[in-house]
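Reviewing the structure listed below.
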Amino acid sequence: MTDIYLYNTKTRTKGQQFTPIDDKNVRMYVCGPTVYDRAHLGNARPVIVFDVLNRLLRHVYGDKHVTYVRNFTDVDDKINARAAESGRSIGDITDETIQWFLDDMGAVGAIEPDHMPRATAYIAPMVAMIEDLIAKGHAYAAEGHVLFSVSSYAEYGALSGRSVDDMIAGARVEVAPYKRDPMDFVLWKPSDADTPGWDSPWGRGRPGWHIECSAMAHDLLGAQFDIHGGGNDLTFPHHENEIAQSKCAGHDFANVWLHNEMLQVEGKKMSKSLGNFFTVRDLLDQGVSGEVIRLVMLSTHYRKPMDWTETKRKEAEKTLSDWMSVLQKHGYSAKTVEILKAAGDWAADAELMGVLGNDLNTPGALARLHVLSKGRTAEALAPFAHGLETLGLVSDWSAAEASASDGDDLEDWIAPVIDRLLVERSTARADKNWGEADRLRDLLNAAGVQVTDIAGEASWAQGPDFDPSVLEALK
RNA sequence: GGCGAGUUGGUAGAGUGGUUAUGCAGCGGAUUGCAAAUCCGCGUACACGAGUUCGAUUCUCGUACUCGCCUCCA
């Protein structure tokens with residue numbers, strides 16, 4: 001049994017071993033995207049981080065004993081704005097964006113959560129929760145709005161380590177005439193005729209952002225659950241407000257709070273103004289595989305800022321290529337894995353799982369994978385292969401087998417040309433005509449073709465700079 | 001201004017109160033006609049100052065610098 005230790009934002013320690021409320025149903029809620037556009041690279045980080053945790057929990061407690069919920073926020077002013085400027089319906093935009101998100105996150109190896117609730121499908125529970133908060137004196141209606149009264153919850157600020165006084169003193173908070181206190185936040189706000197809205201006791205309107213997660217988590221996971229995750233920019237105000245609402249509604253809410261650090265690009269915050277803003281889809285379209293994106297993400301601990309760089313992308317490509325070569329060399333395929341499973345050789349490496357269980361130390365786990373990859377037999381490599389699967393770097397062994405073999409996507413003429421040159425080179429070598437042999441090899445190298453001689457037999461593979469146009473003249 | 005995180009060898013990046021991180025790059029060797037690939041080996045690090053300690057990169061305090069959040073950007 002792998003022990004799990006998680007750094008809890010609430011207590012700011014990872015001292016205590018993680019113990020689920022019910023080990024037959026370990027429950028985790030992670031804040032999902034607002035669906036109005038393609039997910040940028042930063043969006044992928046929490047998805048991958050919590051996907052690793054999801055996989056770890058399933059490994060430890062069993063696939064059937066984990067419930068993972070990640071929502072879609074499909075009602076939001078950004079969505080409304082997008083609809084207005086494009087002339088498309090909100091439903092079209094959110095449906096399309098949700099599918100994009102699932103496609104892109106699937107490409108980086110994320111398993112879909114058990115539940116992916118859309119906020120608009122949970123309006124009734126939200127209204128009920130707001131009514132309850134009003135009845136209990138924690139919220140009030142004013143001018144069509146319903147606001148949460150921060151002063152009614154003494155522990156407000158405990159998660160993020162802020163006091164209400166400090167925040168009011170230094171920060172810019174929206175002051176509105178209908179607010180009793182500047183820190184009070186919106187649970188419900190009125191909608192005009194052009195804005196999506198639902199009937200409610202306070203008139204036609206729509207929910208505030210924070211109440212969505214509180215209501216959906218309660219509906220799907222119950223009044224108390226194990227883990228709540230998200231990016232650390234959500235710690236305040238979003239998660240602070242979720243806690244306030246849920247606790248005041250009488251829910252115990254989440255035991256452990258996890259927050260991943262932000263992503264940067266080449267040392268700078270990714271932003272449109274700096275021109276270093278790009279989406280997951282942009283990378284995929286450029287030919288960067290989802291596995292490469294995932295490997296780069298895993299190479300930095302989730303609680304540290306992670307820097308996406310070209311250098312890391314290249315290193316990850318090389319690492320994955322090396323690892324796939326190792327597996328290919330030992331004949332790994334779906335069938336191999338089946339045989340290993342049947343023989344009882346398909347098991348997790350305890351050390352790897354231990355490292356992973358120590359607050360999701362994915363860089364440590366990757367280091368362990370490097371060590372495990374030195375295995376000399378298919379059996380000895382089983383923990384390595386198993387580890388790759390656990391980290392989500394290989395999902396389909398038959399696909400891994402195919403992608404490791406050469407020449408799949410090449411135009412028909414290329415392989416024969418290369419093979420012909422290699423035969424000519426072999427002849428030259430047999431004649432000890434080293435000048436000619438080296439000329440042919442240089443030619444292939446110039447095209448980015450890597451020539452490998454093992455036991456006198458020459459073979460080739462596409463290198464990172466593979467460029468078949470150099471071979472055109474030799475057709 | 002408030003809150004928080006970080007500063008490790010050429011580089012990326014873990015970790016630890018005394019003992020090898022690991023990858024990439026580099027160097028040496030094996031191998032090779034020479035290379036490549038592969039394998040083996042090597043190197044050196046813990047921002048600065050003070051304190052605690054037999055001993056600190058690891059704990060405590062301070063300093064400097066970097067970064068994030070406080071604005072419905074994950």
Side-chain angles (χ1 to χ4, degrees), chain A residues 9 12 30-34 36-37 39-50 73 76-78 157 159-163 165-174 183 185-186 189 208-210 212 229-238 240-241 259-264 267-272 277 295-296 298-301 303-307 309 311-312 314-316 318-319 322-323 325-326 329 355 358 361-374 376 428-429 432-435 437-438 441-442 444-445 449-456 458-461 463:
Chain A
T9 306
R12 303 193 187 281
V30 175
C31 291
T34 299
Y36 66 101
D37 206 347
H40 67 248
L41 189 61
N43 290 306
R45 193 173 188 196
V47 172
I48 292 171
V49 165
F50 292 105
T73 295
D76 182 272
D77 288 348
K78 278 203 214 68
L159 178 73
S160 53
R162 298 150 202 255
S163 77
D165 292 342
D166 289 343
M167 285 185 278
I168 292 172
R172 294 185 278 173
V173 284
E174 189 193 354
M183 291 305 296
F185 57 90
V186 170
K189 54 190 165 189
W209 177 35
H210 314 299
E212 296 174 11
N232 80 347
D233 55 332
L234 296 180
T235 309
F236 187 89
H238 186 51
E240 196 72 71
N241 292 353
H259 292 97
N260 63 277
E261 252 292 352
M262 302 291 98
L263 175 127
Q264 298 180 313
K268 294 186 172 154
K269 177 168 173 158
M270 183 162 73
S271 72
K272 285 176 179 165
F277 184 96
L295 183 57
V296 172
L298 298 182
S299 69
T300 300
H301 185 82
R303 279 193 292 111
K304 288 198 172 173
M306 117 126 240
D307 199 13
T309 64
T311 308
K312 285 187 184 174
K314 284 180 190 159
E315 282 191 15
K318 176 172 160 42
T319 300
D322 288 351
W323 282 350
S325 297
V326 167
K329 200 166 121 188
V355 169
N358 182 11
N361 184 355
T362 52
L366 294 178
R368 181 62 185 161
L369 278 184
H370 278 290
V371 173
L372 293 173
S373 74
K374 304 270 194 270
R376 305 295 183 120
R429 292 180 74 200
K432 298 197 190 299
N433 184 353
W434 308 127
D438 290 351
R441 186 175 63 201
D442 290 345
L444 287 164
N445 286 347
V449 176
Q450 288 181 349
V451 178
T452 307
D453 296 319
I454 294 172
S459 61
W460 64 276

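Just so it is clear: chains get the letters A, B, ... in the order the sequence lines come, proteins before strands, and each one is counted from 1. Heavy atoms only: backbone and side chains are in, while hydrogens, waters and symmetry mates are out. This is a predicted model, so every value here is computed, not measured.
What separates CD of E261(A) from P of G13(B) is a distance of 13 Å, to the nearest Å. Whole-Å rounding puts the K269(A) NZ to A5(B) C1' distance at 15 Å. Atom pair H301(A):NE2 and A5(B):C1' shows a separation of 12 Å (rounding to whole Å applied). Going from atom CG of N260(A) over to atom P of G4(B) covers 20 Å, rounded to whole Å. Atom P of nucleotide A5(B) and atom CD of Q264(A) are separated by 17 Å, given to the nearest angstrom. Atom CZ in F236(A) sits roughly 6 Å away from atom P in U71(B) (whole-Å rounding). For the pair N358(A) CG and A14(B) P, the interatomic distance rounds to 12 Å; values are reported in whole Å. Distance CD (Q450(A)) to P (U38(B)): 9 Å, rounded to an integer number of Å.
The gap from the P atom of G62(B) to that of U22(B) amounts to 36 Å, rounded to the nearest Å. Nucleotides U52(B) and C69(B) have their P atoms positioned 40 Å apart, rounded to a whole Å. For U19(B) and U44(B), the P atoms lie 14 Å apart once the distance is rounded to whole Å. Taking the C1' atoms as reference points, U8(B) lies 16 Å from C65(B), given to the whole Å. For A47(B) and A12(B), the P atoms lie 15 Å apart once the distance is rounded to whole Å. Straight-line distance between the P atoms of A50(B) and C67(B): roughly 28 Å, to the nearest whole Å. A14(B) and U71(B): their C1' atoms are spaced 35 Å apart (whole Å). Taking the P atom of each, G2(B) and C59(B) are spaced 25 Å apart, rounded to whole Å.
Residue N361(A) has a polar side-chain atom (N or O) positioned under 4.0 Å from OP1 or OP2 of G15(B).
Residues that satisfy the side chain to side chain donor-acceptor pair (under 3.5 Å) test with K318(A), not counting sequence neighbours, are D322(A). Residues passing the side chain to side chain donor-acceptor pair (under 3.5 Å) test with E261(A), sequence neighbours excluded: N232(A). Not a single side chain to side chain donor-acceptor pair (under 3.5 Å) links R45(A) to another residue, sequence neighbours left out. Listed by chain and number, the residues in a salt bridge (Lys or Arg N to Asp or Glu O under 4.0 Å) with D453(A) are R425(A), R429(A) (sequence neighbours excluded). Every residue two or more places apart in sequence or in another chain was checked for a side chain to side chain donor-acceptor pair (under 3.5 Å) with N361(A), and none qualifies. D233(A) is linked by a salt bridge (Lys or Arg N to Asp or Glu O under 4.0 Å) to nothing, counting only residues two or more places apart in sequence or in another chain. Residues passing the ring-ring contact (aromatic ring centres under 6.0 Å, His included) test with H238(A) are W209(A), H210(A), sequence neighbours excluded. In this structure K312(A) satisfies the salt bridge (Lys or Arg N to Asp or Glu O under 4.0 Å) test with no other residue, sequence neighbours excluded.
L263(A) is not listed as a side-chain neighbour of H40(A), based on a closest heavy-atom distance of 4.5 Å or more. Residues S299(A) and L366(A) are in side-chain contact: their nearest non-hydrogen atoms beyond the backbone lie under 4.5 Å apart.
The closest donor-acceptor contact from the side chain of R12(A) to the backbone of L159(A) lies under 3.5 Å. Using modelled atom types, no side-chain atom of Q264(A) and backbone atom of D307(A) make a donor-acceptor pair closer than 3.5 Å.
Using a 4.0 Å heavy-atom cutoff across all strands shown, K374(A) reaches sugar-phosphate atoms only and no base atom. If you check every strand for non-hydrogen atoms under 4.0 Å, K78(A) touches sugar and phosphate atoms only. Residue contacts shown for H40(A) include a base, since a base heavy atom lies under 4.0 Å away. If you check every strand for non-hydrogen atoms under 4.0 Å, L263(A) touches a base. At the heavy-atom level, G230(A) lies nowhere under 4.0 Å from the strands shown.
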Handout entry: Watson-Crick or G-U pairs under 3.5 Å in RNA chain B, rendered as dot-bracket with [ ] for crossing pairs and | for another strand
Key = (((((((..(((.....[...))).(((((.......)))))....(((((..]....))))))))))))....
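The CG atom of N445(A) lies 10.0 Å from the CG atom of D438(A); values are rounded to the nearest 0.5 Å. In this structure, the separation between CG on L234(A) and OG on S160(A) is 12.0 Å, given to the nearest 0.5 Å. Taking CD from E212(A) and OG1 from T34(A), the interatomic distance works out to 7.5 Å, rounded to the nearest 0.5 Å.
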Pairs: protein N or O with nucleotides 60-62 of chain B N or O, under 3.5 Å:
none

Please write out the pairs of protein N or O atoms and N or O atoms of nucleotides 6-12 of chain B separated by less than 3.5 Å, giving the distance to one decimal.
from   : atom 1 : to      : atom 2 : distance (Å)
A12(B) : O3'    : K312(A) : NZ     : 3.4

Fill in the blank from the handout: Per-nucleotide protein contact along nucleotides 29-34 of chain B, 5' to 3', at a 4.0 Å heavy-atom cut-off (B base, S sugar-phosphate only, - neither), is ----BB
